[in-house]
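Quick notes on the structure that follows.
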Amino acid sequence: MKMKILVLSGDGIGVDVTREAVRVLRHIARTYGHDLQIVESLIGGVAIREAGTPLPEETLANALAADATVMGAVGMPGYEKAAPEKRPEWGLLQLRKALCVYANLRPIRIHPSLIESSPLKNSVVEGTDMVIVRELTGGIYYGTPRGRSGVGTARRAVNTMAYTYPEIERVARMAFEIARGRRKKVTSVDKSNVLENSELWHAVVEEVAAEFPDVALDHLLVDNCAMQLILNPRRFDVLLTENLFGDILSDEGAVLAGSIGMLPSASLGDLKASGFRVGLYEPVHGSAPDIAGQEKANPLGAIGSIAIMLECSFGMKTESAAVNSAIDRILRGGVMTADLRPAGRPATTSEIGDAICAAIETRS
Ligand code: IPM
Ligand code: MN
């Protein structure tokens with residue numbers, strides 16, 4: 001099969017982890033005889049530096065032309081005070097919007113070999129297996145009016161949390177469909193005791209649920225959900241929520257998996273004429289500029305995102321499983337970066353890539 005992939009390494013450790021993820025992807029293509037074409041473009045802080053904008057037109061055009069996009073991370077110190085559209089993060093937000101990848105899937109599974117890596121008790125994290133489905137192209141991230149006005153003590157700032165019926169409906173439908181392939185349970189998270197926006201969310205999710213009588217639905221308020229995530233993570237199968245709540249809850253959920261470096265993600269849109277979905281694949285972690293370029297970053301979130309891409313964008317179940325089982329195997333062998341608190345010497349970022357490629361080799 002032909003795969004035309006756009007690679008956006010971005011900033012900080014985005015570069016380190018994407019390098020290894022692409023190596024693994026090339027290795028898979030070679031091993032399974034696929035025709036892989038890779039195009040690289042700029043996004044984020046590095047794009048501001050080299051092209052004057054966090055999402056150059058060429059990057060967007062390449063993303064629209066690619067079969068799938070693989071991203072590293074965006075974020076660079078020095079832009080905290082810049083206008084929103086001059087910040088590295090803006091590039092990613094605009095890319096998500098332009099690709100219309102409205103559903104961000106963040107699976108959280110605890111690898112048995114990492115049970116000691118989580119600061120939570122074994123009895124709590126054991127058996128955790130959930131997918132956070134985060135709405136990604138709406139809500140307070142994009143709502144208008146937004147902005148700051150006034151000076152001195154008259155300064156004021158506003159953001160708007162807005163959702164429309166179709167925006168909630170399509171992501172809810174995706175969550176229910178995913179639940180059908182799992183333990184058939186959706187937990188929808190909102191703040192409907194306070195926000196009208198959440199009242200609409202709650203109501204639309206219930207309407208969609210009526211089409212899926214085989215899937216159980218419950219609702220949690222977001223504050224309670226934050227607590228339940230670490231009190232009783234096994235209660236979650238598919239956790240469906242809006243953009244900002246999903247951003248916050250997924251970092252919290254990362255603690256269950258031992259390290260945020262472990263978490264992959266897929267941002268999906270609608271089916272294309274080709275029958276495959278529009279997809280943007282990125283690890284959940286940020287650019288961590290303090291450890292960039294030091295061979296310390298954990299590339300498994302990025303490599304795991306390749307596994308999801310192979311399945312979701314190309315229907316390659318065998319290839320996807322080969323990557324995931326390579327991840328399992330190297331972790332079982334104790335090969336892990338420092339964030340996972342290994343018993344022996346921590347592996348470097350490239351050693352993880354080496355070990356994954358070797359593990360794929362011995363399997364096939
Ligand atoms: C994420 C990140 C982004 C977000 C930032 C970099 C804009 O935190 O993907 O979780 O808030 O969505
Ligand atoms: Mn985040």
Side-chain angles (χ1 to χ4, degrees), residues 8-15 17-18 21 42-48 53-55 59 63 69-80 82-108 130-143 146 159-161 163 167 171 189 222 225-226 229 239-257 259-269 279-290 292 297-298 301-302 304-305 308-309 339:
L8 306 172
S9 304
D11 304 323
I13 60 167
V15 177
V17 300
T18 307
L42 298 170
I43 194 168
V46 62
I48 300 178
T53 162
L55 184 67
T59 301
T69 299
V70 171
M71 233 260 323
V74 293
M76 195 182 265
Y79 294 98
E80 297 79 5
E85 65 280 5
K86 293 273 184 257
R87 284 184 210 152
E89 290 78 6
W90 189 261
L92 176 58
L93 298 180
Q94 292 314 109
L95 180 66
R96 288 171 175 170
K97 191 80 176 173
L99 291 177
C100 199
V101 284
Y102 55 82
N104 180 219
L105 281 40
R106 300 186 157 184
I108 303 178
M130 72 179 90
V131 183
I132 297 182
V133 177
R134 168 190 176 194
E135 199 291 326
L136 202 62
T137 51
I140 199 164
Y141 273 57
Y142 297 93
R146 67 179 293 159
N159 289 94
T160 302
M161 188 188 253
Y163 271 110
E167 284 176 322
V171 71
V189 176
V222 62
C225 177
L229 260 182
L239 189 170
L240 165 66
T241 193
E242 67 88 45
N243 204 345
L244 178 64
F245 297 163
D247 179 47
I248 298 168
L249 294 174
S250 57
D251 269 37
E252 187 193 2
V255 175
L256 299 161
S259 159
I260 196 165
M262 289 303 299
L263 258 52
S265 96
S267 305
L268 304 177
L280 168 66
Y281 300 87
E282 46 173 315
V284 171
H285 63 72
S287 60
D290 53 320
N298 182 353
S305 302
I308 308 186
M309 177 186 83
D339 54 314

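Every number for a ligand or one of its atoms is a count from 1 in the order of the listing. These figures come from a predicted structure and were not determined experimentally.
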Next item on the list: Report yes if the side chains of V131 and L239 come closer than 4.5 Å at any heavy-atom pair, otherwise no.
Entry: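 No. Closest side-chain heavy atoms not under 4.5 Å.
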
Item checked: Contact check, side chains of R87 and M76, non-hydrogen atoms, under 4.5 Å ->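 Contact flag for R87/M76 side chains = no.
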
Notebook entry, point to check: Between R96 and E282, is there a side-chain N and carboxylate O pair less than 4.0 Å apart?
Noted result: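 E282 and R96: salt-bridged.
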
Next item on the list: Name all residues meeting the ring-ring contact (aromatic ring centres under 6.0 Å, His included) criterion together with Y163; count only those two or more places apart in sequence or in a different chain, and write none if there are none.
Entry: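 Result, ring-ring contact (aromatic ring centres under 6.0 Å, His included) vs Y163: W201.
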
Checklist line | Residues forming a side-chain hydrogen bond (donor to acceptor under 3.5 Å, both in side chains) with D11, sequence neighbours excluded | finding: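 Applying side-chain hydrogen bond (donor to acceptor under 3.5 Å, both in side chains) to D11 gives none.
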
Checklist line | Contact summary for Y79 and G45, nearest pair of heavy atoms | finding: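 The answer is OH-O, 4.2 Å.
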
Margin query: I need the minimum non-hydrogen distance between P264 and G304, along with the two atoms involved.
Written below: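 Nearest heavy atoms, P264 then G304: CB-C, 3.5 Å.
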
Checklist line | Side chains of N159 and Y141, donor plus acceptor under 3.5 Å | finding: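 The criterion, which ignores hydrogens and geometry beyond distance, is not satisfied for Y141 and N159.
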
Check: Distance below 2.8 Å from the Mn ion (ligand 2): how many protein N/O/S atoms qualify?
Finding: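 Protein N, O or S neighbours of the Mn ion (ligand 2) under 2.8 Å, waters not counted, come to 1.
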
For ligand 1, list every N/O pair with the protein closer than 3.5 Å, one pair per line with the distance.
{"from": "ligand 1", "atom 1": "8 (O)", "to": "D247", "atom 2": "OD1", "distance (Å)": "3.3"}
{"from": "ligand 1", "atom 1": "9 (O)", "to": "R96", "atom 2": "NH2", "distance (Å)": "2.7"}
{"from": "ligand 1", "atom 1": "9 (O)", "to": "R106", "atom 2": "NH2", "distance (Å)": "2.9"}
{"from": "ligand 1", "atom 1": "10 (O)", "to": "R106", "atom 2": "NH1", "distance (Å)": "3.3"}
{"from": "ligand 1", "atom 1": "10 (O)", "to": "R106", "atom 2": "NH2", "distance (Å)": "3.1"}
{"from": "ligand 1", "atom 1": "10 (O)", "to": "R134", "atom 2": "NH1", "distance (Å)": "3.3"}
{"from": "ligand 1", "atom 1": "10 (O)", "to": "D247", "atom 2": "OD1", "distance (Å)": "2.9"}
{"from": "ligand 1", "atom 1": "11 (O)", "to": "Y141", "atom 2": "OH", "distance (Å)": "2.6"}
{"from": "ligand 1", "atom 1": "12 (O)", "to": "R96", "atom 2": "NH1", "distance (Å)": "2.7"}
{"from": "ligand 1", "atom 1": "12 (O)", "to": "R134", "atom 2": "NH1", "distance (Å)": "3.2"}
{"from": "ligand 1", "atom 1": "12 (O)", "to": "R134", "atom 2": "NH2", "distance (Å)": "2.8"}

Notebook entry, point to check: Per the side-chain contact (heavy atoms from CB on, under 4.5 Å) rule, which among T53, T69, L8 passes with T59?
Noted result: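 So, applying the side-chain contact (heavy atoms from CB on, under 4.5 Å) to T59 and each of T53, T69, L8, only L8 qualifies.
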
